[in-house]
A.B. asks: 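My questions will all concern the structure given below.
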Amino acid sequence: FNMGKYGQSKEEGLAIVLSTIKKDLSALLQTDIEVCYHDRYHIGVFDFTDFVLLEDMPEAEDALFTRYNEDRDLLKGESTDQLCELKVSTHLLRSNCKITHQPDWGSAFIHIQSKYNIDKVSLLKYLVSIRDENHFHEEICEMLYKRLWDKFKPDRMMVACLYTRRGGLDICPVRANIYDMLPNNLVHSNILTTAAFRQ
């Protein structure tokens, strides 16, 4: 179902996907099954509780995603005279392993202070556009950071990518230009974290 469009609304799309899964698995297993969709994500005791989830924004409901290779031209924002703050996240982060080309799923957290009013839907489209990129987790985090830095010239910025665990190990690269913006639970080994979404 990845990168496919189903129905004319979120509700219709979910109904189609759940119905298809139920029908296919019931036929394969030769029994009736139940399928549930969980619409809320628990991210544990991270430093990201006040970040706005991009895919939950009403304006993201009608967003059309058509690009799946990294496209910096998707990033839009208007220059302003005032400092703007943006704290957003998404659980739609996906790239592919540089070696095996298998998909790596994760969550991205972005905190920017700049004199740009950044279009959140364009940012979500950009984050989705990296889905067919083949890079290591650290390279993806660095690429996101560099693209946002070049485009919006922030005073302060932090990008964190929390990927699905591989072999029980967290690979959660973080980059910030100000030490105080680094999330404590990701950069201090003596702070135990709870599992994030998909972990």
A.B. asks: Looking only at heavy atoms, which two atoms of Leu74 and Ser129 are closest? And how far apart?
C.D. replies: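 Heavy atoms of Leu74 and Ser129 come nearest at CD1-CB, 3.6 Å.
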A.B. asks: Within the 4.5 Å heavy-atom criterion, are Phe152 and Leu86 side-chain neighbours or not?
C.D. replies: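 No; the side chains remain at least 4.5 Å from each other.
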A.B. asks: So Met157 and Ser114, do their side chains get closer than 4.5 Å, heavy atoms only?
C.D. replies: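 No, too far: nothing below the 4.5 Å cut-off.
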A.B. asks: Please check this pair: side chain of Lys125 against backbone of Phe65, looking for a donor-acceptor N/O pair closer than 3.5 Å.
C.D. replies: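 No.
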A.B. asks: Quick check against the 3.5 Å criterion: does Ser26 have a side-chain atom that pairs as donor or acceptor with the backbone of Thr31?
C.D. replies: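 Yes, because the side chain of Ser26 sits within donor-acceptor range (under 3.5 Å) of the backbone of Thr31.
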A.B. asks: Is it the case that the side chains of Glu133 and Tyr68 hold a donor-acceptor pair, with the cut-off being a distance below 3.5 Å and no angle test?
C.D. replies: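 Note: Tyr68 and Glu133 side chains miss the donor-acceptor criterion.
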A.B. asks: Using the rule that two of Ile, Leu, Val, Met, Phe, Trp, Tyr join whenever any of their side-chain heavy atoms come within less than 4.5 Å, decide whether Tyr145 and Phe136 are in one cluster.
C.D. replies: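 Shared cluster, no.
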A.B. asks: Using the rule side chain to side chain contact (heavy atoms under 4.5 Å, CB included), only one of Ile112, Leu124, Leu54 pairs with Val88; which is it?
C.D. replies: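 So, applying the side chain to side chain contact (heavy atoms under 4.5 Å, CB included) to Val88 and each of Ile112, Leu124, Leu54, only Leu54 qualifies.
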A.B. asks: Are side-chain heavy atoms of Cys172 and Leu162 found at a separation under 4.5 Å?
C.D. replies: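 Result yes, sub-4.5 Å side-chain heavy-atom pair found.
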A.B. asks: How far does CG of Leu14 sit from OG of Ser19, to the nearest 0.5 angstrom?
C.D. replies: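 With rounding to 0.5 Å, CG (Leu14) is 12.0 Å from OG (Ser19).
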A.B. asks: For Leu127 and Leu92, run side chain to side chain contact (heavy atoms under 4.5 Å, CB included): C-alpha distance rounded to whole Å, both residues' side-chain angles, the deciding distance at 0.1 Å, then the answer.
C.D. replies: CA-CA 8 Å; Leu127 291 165; Leu92 301 180; over 6 Å; no
A.B. asks: Identify the two heavy atoms, one from Asp71 and one from Tyr126, that lie closest to each other, and give their separation to 0.1 Å.
C.D. replies: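 Closest approach of Asp71 to Tyr126, heavy atoms only: O-CD1, 3.2 Å.
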A.B. asks: Looking only at the side chains, is there a donor atom on one of Arg94 and Asn96 sitting less than 3.5 Å from an acceptor on the other?
C.D. replies: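 Result is yes, a qualifying pair exists.
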A.B. asks: Do Val35 and Leu29 sit in the same hydrophobic cluster, where Ile, Leu, Val, Met, Phe, Trp and Tyr count as joined when their side-chain heavy atoms come under 4.5 Å apart?
C.D. replies: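 Both belong to a single hydrophobic cluster.
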A.B. asks: Does Arg131 form a side chain to side chain contact (heavy atoms under 4.5 Å, CB included) with Trp105? I'd like the steps, not just the answer.
C.D. replies: CA-CA 9 Å; Arg131 285 191 166 192; Trp105 291 94; 3.6 Å; yes
A.B. asks: Taking all non-hydrogen atoms of both residues, which atom of Pro183 and which atom of Val174 are closest, and how far apart?
C.D. replies: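 Looking at all heavy atoms of both residues, the shortest contact is CD-CG1, 3.7 Å.
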A.B. asks: Which distance, rounded to the nearest 0.5 Å, do you find between the CZ of Phe109 and the CG of Leu144?
C.D. replies: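 Here the rounded value is 13.0 Å.
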A.B. asks: Pair Leu148, Leu123 - check side chain to side chain contact (heavy atoms under 4.5 Å, CB included), show working.
C.D. replies: CA-CA 9 Å; Leu148 294 169; Leu123 178 56; 3.9 Å; yes
A.B. asks: Tell me, please, which residues at least two apart from His135 pass ring pair (Phe, Tyr, Trp, His ring centres under 6.0 Å).
C.D. replies: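 Ring pair (Phe, Tyr, Trp, His ring centres under 6.0 Å) list for His135, sorted by chain: empty.
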A.B. asks: With heavy-atom distances below 4.5 Å as the criterion, would you say the side chains of Trp149 and Pro154 are in contact?
C.D. replies: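 Yes, side chains in contact.
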A.B. asks: Look up atom CG in Asp73 and atom CZ in Arg147, then write down how far apart they are to the nearest 0.5 Å.
C.D. replies: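 These two atoms lie 10.0 Å from each other.
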A.B. asks: Answer yes or no: is there a side-chain heavy-atom contact under 4.5 Å between Lys5 and Leu64?
C.D. replies: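 The answer is yes, as the side chains (C-beta and beyond) meet within the 4.5 Å cut-off.
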A.B. asks: Do Lys10 and Glu61 have side chains that approach each other closer than 4.5 Å (heavy atoms only, starting at C-beta)?
C.D. replies: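 A side-chain contact under 4.5 Å exists here.
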A.B. asks: Working to the nearest 0.5 Å, report the span between CD of Glu70 and OG of Ser95.
C.D. replies: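 It is 11.5 Å, given to the nearest 0.5 Å.
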A.B. asks: Where the side chain of Lys153 meets the backbone of Asp155, is there a donor-acceptor pair that is under 3.5 Å apart?
C.D. replies: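 Such a contact is absent between Lys153 side chain and Asp155 backbone.
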A.B. asks: Between Lys115 and Asp81, is there a side-chain heavy-atom distance shorter than 4.5 Å?
C.D. replies: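 No. Closest side-chain heavy atoms not under 4.5 Å.
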A.B. asks: Apply salt bridge (Lys or Arg N to Asp or Glu O under 4.0 Å) to the pair Lys120 and Glu59, showing each step before the final yes or no.
C.D. replies: CA-CA 9 Å; Lys120 296 183 190 75; Glu59 55 267 39; 5.4 Å; no
A.B. asks: Any donor and acceptor pair, going by atom type alone, linking the side chain of Thr100 with main-chain N or O of Cys97 inside 3.5 Å?
C.D. replies: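 Not a single qualifying donor-acceptor pair exists.
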A.B. asks: Between Lys87 and His111, which heavy-atom pair has the shortest distance, and what is it?
C.D. replies: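 Nearest heavy atoms, Lys87 then His111: CG-CD2, 3.3 Å.
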A.B. asks: Drop me the distance from Glu142's CD to Cys161's SG, to the nearest 0.5 angstrom.
C.D. replies: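 Glu142 atom CD to Cys161 atom SG measures 10.5 Å (nearest 0.5 Å).
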A.B. asks: Do other residues, nucleotides or ligands put more than 12 heavy atoms under 6.0 Å from the NZ atom of Lys22?
C.D. replies: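 Atom NZ in Lys22 is crowded, with more than 12 foreign heavy atoms closer than 6.0 Å.
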A.B. asks: Mind checking whether Ile110 and Leu83 sit in one hydrophobic cluster, side chains of I, L, V, M, F, W, Y counted as touching below 4.5 Å?
C.D. replies: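 As far as the 4.5 Å side-chain criterion goes, Leu83 and Ile110 are not connected within one cluster.
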A.B. asks: So do Glu12 and Tyr6 actually touch side chain to side chain, heavy atoms under 4.5 Å?
C.D. replies: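 Result no, sub-4.5 Å side-chain heavy-atom pair not found.
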A.B. asks: Measuring from Ser89:OG to Glu55:CD, what's the distance to the nearest 0.5 Å?
C.D. replies: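 So the OG of Ser89 and the CD of Glu55 are separated by 6.5 Å.
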A.B. asks: Assess the residue pair Asn177 and Arg156 against the criterion (side chain to side chain contact (heavy atoms under 4.5 Å, CB included)); give the C-alpha distance rounded to whole Å, side-chain angles, the decisive distance to 0.1 Å, and a yes or no.
C.D. replies: CA-CA 6 Å; Asn177 72 319; Arg156 297 163 54 91; 4.2 Å; yes
